[in-house]
Engineer: 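Before anything else, here's the structure in question.
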Amino acid sequence: MKTLGIIGLGAIGQPIARQLIDGGFQLYTTVRSERSRKKAADMGIQILEHNRDFARVADRILLIVSNYDQCAACLLGDNGLFSTLKKGTVILSSTVAPGEAEILSAACPEGVTLVDAPVSGGAPGAEKGTLVAITAGEQQAVDSCRDIFDCYCRKLVYAGEVPGQAQALKAVNQMLVSIHMTATAEAMAFSTALGIDPSVMFETISECAGNSNIFQSRMPKLMAGDFSAGASLETLEKDTRLCMDLSDAAGVPCYLTKMCHNLFSRTPRAENQAEDACSVIRLYQNDME
């Protein structure tokens, strides 16, 4: 049985872990809470005490936590993975800034390679094993991880040899996701105000030029008032900020992305519960009252 370390059993990490187990991998992880510990135990994932302990059991580690600070905490420092891993590959599937991926790659000990590999498709794609992995780094290192990607991806894209290039391409995707997400919420609010039956609107636009993947996945949620997290509000708020920073550095305006970021940041939050970014419709509903 092949072994693999995985750090991050969240909305996307957990279904990815299931796909990997079904694909014949024995998984090892570390946890930060009792909830995560129970989740891992229920799935048959072996739990390690510290990130430095991965080196004893696996030479490939999949990192899919929420942000750069969490990535750095997992990899760096006395208890970090890099304190003990001397040979192997770290698959960076968290979404971070391109420069942050470069920093983590440069911090790899000699003998350790970082594969930059953010994914697109959200929790539903992870559940179905149909994610798209955008990869960058040494071609040989990417190829050596294909058996891992094959468990949960329908497509593997190679963006270039430099870690960070995959994150840059992922940022373009997240820019469009954010715009389509907000546009779908606005279309729902607009059509409702015009007295159009939401189901008729959904059926019609699904066959028209205004259709999109986000429209298809979010309109049913909006009609049902279901804000359970797919791409969470916090995630897209973070990612639009990342896009804005990149666009400022490149000297390219991103007017729509800035508007989306502003709307996400103003959206009322549920207490103690992550919600999907389509909950941005609350802003429209509040202003219509």
Side-chain angles (χ1 to χ4, degrees), residues 1-10 12-14 16-17 19-21 23-33 36-37 39-40 43-119 133-153 156 158 161-167:
M1 181 177 286
K2 294 177 288 189
T3 62
L4 176 69
I6 181 170
I7 309 176
L9 295 176
I12 296 180
Q14 184 176 1
I16 283 178
Q19 299 288 348
L20 288 163
I21 292 169
F25 282 88
Q26 172 62 62
L27 300 184
Y28 295 83
T29 194
T30 53
V31 297
R32 296 190 301 163
S33 67
S36 294
R37 181 176 295 276
K39 193 186 300 183
M43 295 175 67
I45 302 173
Q46 299 295 312
I47 300 172
L48 305 174
E49 188 67 23
H50 301 289
N51 290 314
R52 65 171 185 245
D53 297 332
F54 281 110
R56 293 189 289 103
V57 296
D59 61 3
R60 296 187 294 178
I61 291 85
L62 174 62
L63 183 61
I64 188 160
V65 294
S66 297
N67 54 50
Y68 172 75
D69 288 341
Q70 292 181 12
C71 290
C74 292
L75 300 180
L76 310 177
D78 293 340
N79 286 322
L81 175 64
F82 289 166
S83 67
T84 54
L85 189 67
K86 302 305 177 188
K87 182 180 180 181
T89 305
V90 173
I91 304 170
L92 175 64
S93 287
S94 302
T95 297
V96 299
E100 292 169 340
E102 292 181 51
I103 291 170
L104 295 176
S105 179
C108 287
E110 186 176 355
V112 177
T113 303
L114 184 137
V115 171
D116 182 16
V119 294
I134 307 170
T135 67
E138 296 177 11
Q139 181 74 70
Q140 184 177 357
V142 174
D143 290 342
S144 73
C145 295
R146 281 185 178 271
D147 59 331
I148 296 171
F149 294 125
D150 284 347
C151 290
Y152 55 87
C153 294
L156 194 66
Y158 185 63
E161 297 180 353
V162 181
Q165 288 178 298
Q167 297 292 344

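This one's a predicted model, so the numbers in the text were calculated from it and none came from an experiment.
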Engineer: Under 3.5 Å, is there a donor-acceptor pair between the Asp116 and Gln165 side chains?
Structural biologist: no
Engineer: Of all heavy-atom pairs between Leu9 and Ala40, which one has the smallest distance, and what is that distance?
Structural biologist: CD1-CB, 3.8 Å
Engineer: Under the side-chain contact (heavy atoms from CB on, under 4.5 Å) rule, what do Val90 and Leu85 come out as? Steps first, then yes or no, please.
Structural biologist: CA-CA 10 Å; Val90 173; Leu85 189 67; 4.3 Å; yes
Engineer: Within the supplied structure, the quantity of interest is the number of heavy atoms (other residues, nucleotides, ligands) at a distance under 6.0 Å from Glu138 CD; does it exceed 12?
Structural biologist: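 No, CD of Glu138 has 12 or fewer neighbouring heavy atoms, counting only those of other groups under 6.0 Å.
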Engineer: Count the heavy atoms belonging to other residues, nucleotides or ligands that lie under 6.0 Å from CD of Glu161, then report whether that count exceeds 12.
Structural biologist: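 No, the 6.0 Å shell around CD holds no more than 12 heavy atoms from other groups.
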Engineer: On a heavy-atom basis, which atom in Ala101 and which in Val96 lie closest, and how many Å separate them?
Structural biologist: N-CG2, 4.0 Å
Engineer: Are the side chains of Glu102 and Gln167 in touch, meaning some heavy atoms are under 4.5 Å apart?
Structural biologist: no
Engineer: Any heavy-atom pair between the side chains of Phe25 and Ile148 that's under 4.5 Å?
Structural biologist: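 SC-SC contact between Ile148 and Phe25 confirmed.
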Engineer: Just by distance, do the side chain of Ser105 and the backbone of Pro163 share a donor-acceptor pair under 3.5 Å?
Structural biologist: no
Engineer: Check Gly77 against Ser83 and note the closest heavy-atom contact, atom names and distance.
Structural biologist: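 Between these two residues, the closest heavy atoms are O-CB, 3.7 Å.
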Engineer: My understanding is that only residues two or more places apart in sequence, or in another chain, count here; which of them pass side chain to side chain contact (heavy atoms under 4.5 Å, CB included) with Asp69?
Structural biologist: Asn67
Engineer: Looking only at heavy atoms, what is the nearest atom pair of Gln14 and Met43, with distance?
Structural biologist: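 Nearest heavy atoms, Gln14 then Met43: O-CE, 3.5 Å.
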Engineer: What are the two closest heavy atoms between Pro118 and Ser94, and how far apart are they?
Structural biologist: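 Result for this residue pair: CB-O, 4.1 Å.
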Engineer: If I take atom CG from residue Leu114 and atom CZ from residue Phe82, how far apart are they, to the nearest 0.5 angstrom?
Structural biologist: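 With rounding to 0.5 Å, CG (Leu114) is 6.0 Å from CZ (Phe82).
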Engineer: Measure the CD-OG1 distance between Gln46 and Thr3 for me, rounded to the nearest 0.5 Å.
Structural biologist: 11.5 Å
Engineer: Do any side-chain atoms of residues 54-66 form donor-acceptor pairs under 3.5 angstrom with protein atoms, and if so which ones, sequence neighbours left out?
Structural biologist:
residue	atom	partner	partner atom	Å
Arg60	NH1	Ser144	O	2.8
Arg60	NH1	Asp147	OD1	2.8
Arg60	NH2	Asp147	OD2	3.0

Engineer: Between Val112 and Lys87, is the side-chain contact (heavy atoms from CB on, under 4.5 Å) condition met? List the steps.
Structural biologist: CA-CA 5 Å; Val112 177; Lys87 182 180 180 181; 5.7 Å; no
Engineer: In Å, rounded to the nearest 0.5 Å, how long is the span from OG1 of Thr113 to CD of Gln140?
Structural biologist: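 The OG1 atom of Thr113 sits 8.5 Å away from the CD atom of Gln140.
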Engineer: Could you walk me through whether Ile47 and Thr30 pass the side-chain contact (heavy atoms from CB on, under 4.5 Å) check?
Structural biologist: CA-CA 6 Å; Ile47 300 172; Thr30 53; over 6 Å; no
Engineer: Output, in order, the C-alpha distance, side-chain angles, deciding distance and verdict of side-chain contact (heavy atoms from CB on, under 4.5 Å) for Leu81 and Cys74.
Structural biologist: CA-CA 6 Å; Leu81 175 64; Cys74 292; over 6 Å; no
Engineer: As an exercise, state the distance from OH of Tyr28 to CG of Asp53, rounded to the nearest 0.5 Å.
Structural biologist: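 So the gap between those two atoms works out to 12.0 Å.
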Engineer: Determine the minimum heavy-atom distance between Arg146 and Leu156, stating which atoms define it.
Structural biologist: NH1-CD2, 3.3 Å
Engineer: Starting at CG of Asn51, measure out to CG of Asp78 and round the result to the nearest 0.5 Å.
Structural biologist: 12.5 Å
Engineer: Would you give the length of the straight line joining atom SG of Cys108 to atom CD1 of Ile103, rounded to the nearest 0.5 angstrom?
Structural biologist: 12.5 Å
